[in-house]
Amino acid sequence: MLSTMQDEPLSLATLLRYASTFVGDSTVSTWTGSGVRTMTYRELGAESARLAHALRGLGIGIGDRVGTFMWNNNEHVVAYIAVPAMGAVLHALNIRLFPDQVVYVANHAEDQVVLVDGTLVPLFAQLLPNMTTVRHVIVVNGDASTLTAPAGVQVHSYPELLATQPDTYDFPVIDERSAAAMCYTSGTTGDPKGVVYSHRSNWLHAMQVGAPSGMCLFGTDSILTIVPLFHANAWGLPYAALMSGANLLMPDRFLQPGPLLEFMAAQKPSFAAAVPTIWGGVLAGLEANPQDISHLRSVIVGGSAVPPSMMRAFDDKHNVRVLHAWGMTETSPLGSVAHPPATALTEEDVWAYRITQGRFPAGVQARLVADDGSVVPNDGASLGEVEVRGPWITGSYYSPDGAAVDAEKFDNGWLRTGDVGGISPDGYLTLVDRSKDVIKSGGEWISSVDLENAVMGHPAVAEAVVIGVPDEKWDERPLVAIVLVEGAEAKPEQLREFLTDKFAKWQLPERWTFIAEVPKTSVGKFDKKRLRTQYAEGALDVTTLA
Ligand code: AMP
């Protein structure tokens, strides 16, 4: 028996229509370094129409890829919604990838047009000659004449191109399963892999992001979106904001702790999203120059494990609640969010849940699989590789010729995440490590993340990263690389002593090194691969304790 329900496709054009009418007074604002440029969602609707007309004039049709090479700002949000709404496919390029990787992904995705921020033109100019499918470049917030285009490529100025376009557009009704946007993984090994989101997946994901079991967004929120729009769909925030009527606050290129804190002081966001390394910098900035940030009712932190000491510092010192979340480019990315359940009654219980990677929402099915392929129970104790499935989880990687890419990442309809952990009977995920980062010492596992989290609880430690290094006797042992808080001192003996009540004796690291800075990936995560190379090349000064 079929339902009597109307079969309305879940298209992003419906979000644009809603945002530019019923919540048309809500705004997106971009920090200029001293103030904001603000656009209402009504104006965003008109500018989206003008951009869609302009792109159609450049030959962009349904399914064509439109790249962006931009900071988080008003115009980037316009492209984020206008491109899919017109039936084309938005491809936000990661401006921090190595140059040949940016070229690789633009060619692989076959981007036809790229919108480029004026400040990024010098960087983009070096990449453009190797981009084989780009025919048009649109320079946003800058001088288009500064970009010399190779033969066959036309350069346009965004304001000039849009100036004469109509501010309404007949956005087409398209199949909800069609491609809306794509992101490439920021994987540190091999070529980046493309994930293609559909209108349906982004729509359902935005509903989940806004829901109480997700980020719990209200129309009264102002969302400081520090996570780049090119990193995993900006965690779904732009679409969730349009859906909930929340305001968006965009930091543009002002991503250092000082400017971020000035932006916060001026605009008082109620919600914010970024990876732990950004928040570590913000916390250090607040130590140096105290400021009230309690206007933030909540901040969502994910992308790598959030040290419990960081969550406590936000709570205790700043009255800001950190929501720990887990996800991947492949999962749109919302996979789990650590809201405690109703059964957690004591403060201790609540914290036990908050430091997990979070609870899976109804739309994400999850299971644990052992090395031999058997499914292990969700009993909170057994460990395995986390596998997920659901309407916003990718079922494959993009392949222009249809040949399977990394087929071993998929297991009969499940995505193999490469993350190792446990799941409690009430659906909370606790990650131990990435399977490639876990340290195998004498046949036993040591979690690099557990060690990092614990060492980062020491007051003298600003950042700590742990890698496995070869060991004659045990095969592999942990090496701890420490960045000290400015002006602080700590000896390896003292740091190891600090860990003694938290780990078994055999897990305590004997190898320690002090470094000026942890190498970071293009999306601000600890780059363990680079640290391993530095170790292998003998570039680290390692102390080995007896
Ligand atoms: P990306 O696709 O760049 O967002 O990377 C996804 C990977 O980041 C996941 O597979 C995890 O290994 C890691 N990750 C994301 N969130 C967390 C978290 N809350 N705790 C630990 N690792 C995380």
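Just follow the structure's listing: the first ligand is 1, and inside any ligand the first atom is 1.
In summary, the atoms of ligand 1 found under 4.0 Å from a heavy atom of Leu431, numbered by their order in the structure, are 21 (C), 22 (N). Atoms of ligand 1 found under 4.0 Å from any heavy atom of His324 (numbered from 1 in listed order, with element): 18 (C), 19 (N), 20 (N). The atoms of ligand 1 that sit less than 4.0 Å from any heavy atom of Met328 are 2 (O), 4 (O), 6 (C), 9 (C), 10 (O). Numbered from 1 in the order shown, with element, the atoms of ligand 1 that lie under 4.0 Å from a heavy atom of Ala325 read 16 (N), 18 (C), 19 (N). Numbered from 1 in the order shown, with element, the atoms of ligand 1 that lie under 4.0 Å from a heavy atom of Lys525 read 1 (P), 3 (O), 4 (O), 5 (O), 6 (C), 7 (C), 8 (O).
Residue Ala232 has no N or O atom closer than 3.5 Å to an N or O atom of ligand 1. For Val306, no nitrogen or oxygen atom sits less than 3.5 Å from a nitrogen or oxygen atom of ligand 1, counting backbone and side chain alike.
Of the candidates Val227, Asp437, Thr329, Val301, Thr329 brings a heavy atom nearest to atom 2 (O) of ligand 1.
The shortest heavy-atom distance from Gly303 to ligand 1 is under 4.0 Å. By the 4.0 Å heavy-atom criterion, Asp419 is counted among the residues contacting ligand 1. At least one heavy atom of Gly327 sits less than 4.0 Å from an atom of ligand 1.
Of the inter-residue distances, the one linking Gln208 atom CD with Trp392 atom CH2 reads 4.5 Å to the nearest 0.5 angstrom. In this structure, CH2 in Trp512 is found 5.0 Å from CG in Leu495, a value given to the nearest 0.5 Å.
Ring geometry for Phe69 versus Phe124: interplanar angle of 30 to 60°, hence tilted. Using cut-offs of 30° and 60° for the angle between ring planes, the His91 and Tyr184 rings count as tilted. The aromatic rings of His76 and Tyr80 sit perpendicular, their planes meeting at an angle over 60°, well past the 30° parallel limit.
If you look at Ala305 next to ligand 1, the close heavy atoms, those under 4.0 Å, come from the backbone and the side chain alike.
Between Glu287 and Lys317 there is a salt bridge, with a side-chain nitrogen of the basic residue lying less than 4.0 Å from a carboxylate oxygen of the acidic one. The existence of a salt bridge linking Arg511 and Asp471 is confirmed by a sub-4.0 Å separation between a basic side-chain nitrogen and an acidic carboxylate oxygen. Salt bridge absent: Arg321 and Asp315 never bring a charged side-chain N and a carboxylate O closer than 4.0 Å.
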